[in-house]
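In what follows, a single structure is set out as structure tokens and then discussed.
When reading the values below, keep in mind they use all heavy atoms of this one structure, side chains included, and skip hydrogens, waters and symmetry mates. Throughout, a chain's letter reflects where its sequence line sits, starting with A, and its residues are numbered from 1.
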2 protein chains.
Amino acid sequence: MSDKNCGTGTSSGSGKKTSQRQQQSFQKKQAVIVKKASKLFIKKGYAQTSMRDISKATGINLGNLYYYINSKEEILCLAFNTYHAAMNEALEQKGILDIADPVEQLKAVLRQALENTYDFKDDILMMYRETRVLPRKIMKATLEKEGEAIKLFEDIIIRGNQSGVFRVHDPFFAANMIVLQLSLYSLRRWNLGDYTREEYLDLAEETILKSIIPETV
Amino acid sequence: MSDKNCGTGTSSGSGKKTSQRQQQSFQKKQAVIVKKASKLFIKKGYAQTSMRDISKATGINLGNLYYYINSKEEILCLAFNTYHAAMNEALEQKGILDIADPVEQLKAVLRQALENTYDFKDDILMMYRETRVLPRKIMKATLEKEGEAIKLFEDIIIRGNQSGVFRVHDPFFAANMIVLQLSLYSLRRWNLGDYTREEYLDLAEETILKSIIPETV
DNA sequence: GCTTAATGAAAACGAACGTTTGTATTATTA
DNA sequence: TAATAATACAAACGTTCGTTTTCATTAAGC
């Protein structure tokens, strides 16, 4: 399941006779590898992180690493799935996608997105930096996921325009801008470190909302 | 001059006895190397671009490349100087830094910055991606240059606040947001390709201004 | 004409890389 | 307990990397 969008084939561990307990422990170990490797990718960059680094960080023997993953690239792919999965799950679970009123929905989506982008700041920065490394196919899939997030905002803005509460010239453009703005903390943490999480969330929410609903704030 | 902030020592070509013509041709060739290498860095990434690639692209023999530059890293450093230099030159030459009225100055700086970020979209994207590769010292210097751009906007907003024409809660935060927004086209070109240059510039200017001067637009 | 700079081609360097292999060890199952 | 599958490990593979070196040639400056 975890390599549905990654890698080229099944890893050695997903043979037929494996019990459920074994599969679980296999996936758990794979997740550990991805998590630890992600931290290294974030700190040093993908190209500057060697499989030997990952071996040391996980405590798993270099050769044995390849029992759990097919390639270094696959680790990056698996790492890329973390963020959007968490975001979509949060939106669904909280029923934010079903809010009818455009203003309320915009505020709810925005708040959730800001919280997620803040908490995944490192992963997002890594995604900005390392997208190019992904194989073409997976890169496209990743950009498409981002495109869905943009479309979500675009649709809300269009609905707000229709009901007369927004007056945004170009909803598509505005949506693109918002999704970029969501990455503020990822891309400017070196300059924004003095704000607390809550300070940042409030300020960002206010700033972004003001460009869509100027009169309300 | 060109390696004032890069590399560790003087290259072979900048010895004492070299004539002015020789120095000029030396620097010209160095600039060609940096330019061609930049294109490769943009297309394939720094780590994925080998010195042999650069040799092929420039037509300069691999060993001979090291006559003009000290290291691969130095090429990246020199490439990083392109953008901010162009921006500062434009601001000075057009006298934008001397505009007294905050609204007029904001508009002028914004327009100039938008034009520059559009024209240097590839270089900026590369900077986002490859900053980490730079040696610590030069990375700091680069972030400081970005910090100056932020401060420029911050000061304008503060002046606008004082004269009562803006009402921005946190000028520092707003300035950071603006400078991020300037990178929209660099970071979202894959989604914004359908806009012409002028369409993009107008839309971006309007969107950014609206968050600072909501009532005017 | 002598010296020095510039250009070119080729080979070599040691280091580091991702990945594979063969073999050992441990756990599970029948 | 014997057989089988899952996991672990060390060593090695072949390649590529940034960089240096060597040698030969042409152009320019005093």
Presence of K29(A) side-chain N/O under 4.0 Å of dA8(D) phosphate oxygens OP1/OP2: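 Yes, K29(A) has a side-chain N/O under 4.0 Å of OP1/OP2 on dA8(D).
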[atom1] of [X] versus [atom2] of [N]: gap in Å, rounded?
| X | N | atom1 | atom2 | answer |
| --- | --- | --- | --- | --- |
| I60(A) | dA6(D) | CD1 | P | 17 Å |
| N61(B) | dA10(C) | CG | C1' | 8 Å |
| L65(A) | dC9(D) | CG | P | 11 Å |
| L76(B) | dG18(D) | CG | C1' | 15 Å |

Non-hydrogen side-chain atoms of F172(A) and L192(B) separated by less than 4.5 Å: yes
Side-chain donor/acceptor of N116(A) to backbone N/O of A113(A), under 3.5 Å: no
Shortest non-hydrogen separation from S55(A) to L62(A) and the atoms involved: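 Minimum heavy-atom contact is OG-N, 3.3 Å.
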Aromatic ring proximity, centroids under 6.0 angstrom, Y200(A) and Y118(A): yes
B/S/- contact track for nucleotides 13-25 of chain C, protein heavy atom under 4.0 Å: ----BBBB-----
For D123(A), all residues meeting side chain to side chain contact (heavy atoms under 4.5 Å, CB included), sequence neighbours excluded: F120(A)
Pair Y128(A)-S186(A), side-chain hydrogen bond (donor to acceptor under 3.5 Å, both in side chains): steps then yes or no: CA-CA 9 Å; Y128(A) 270 102; S186(A) 288; over 6 Å; no
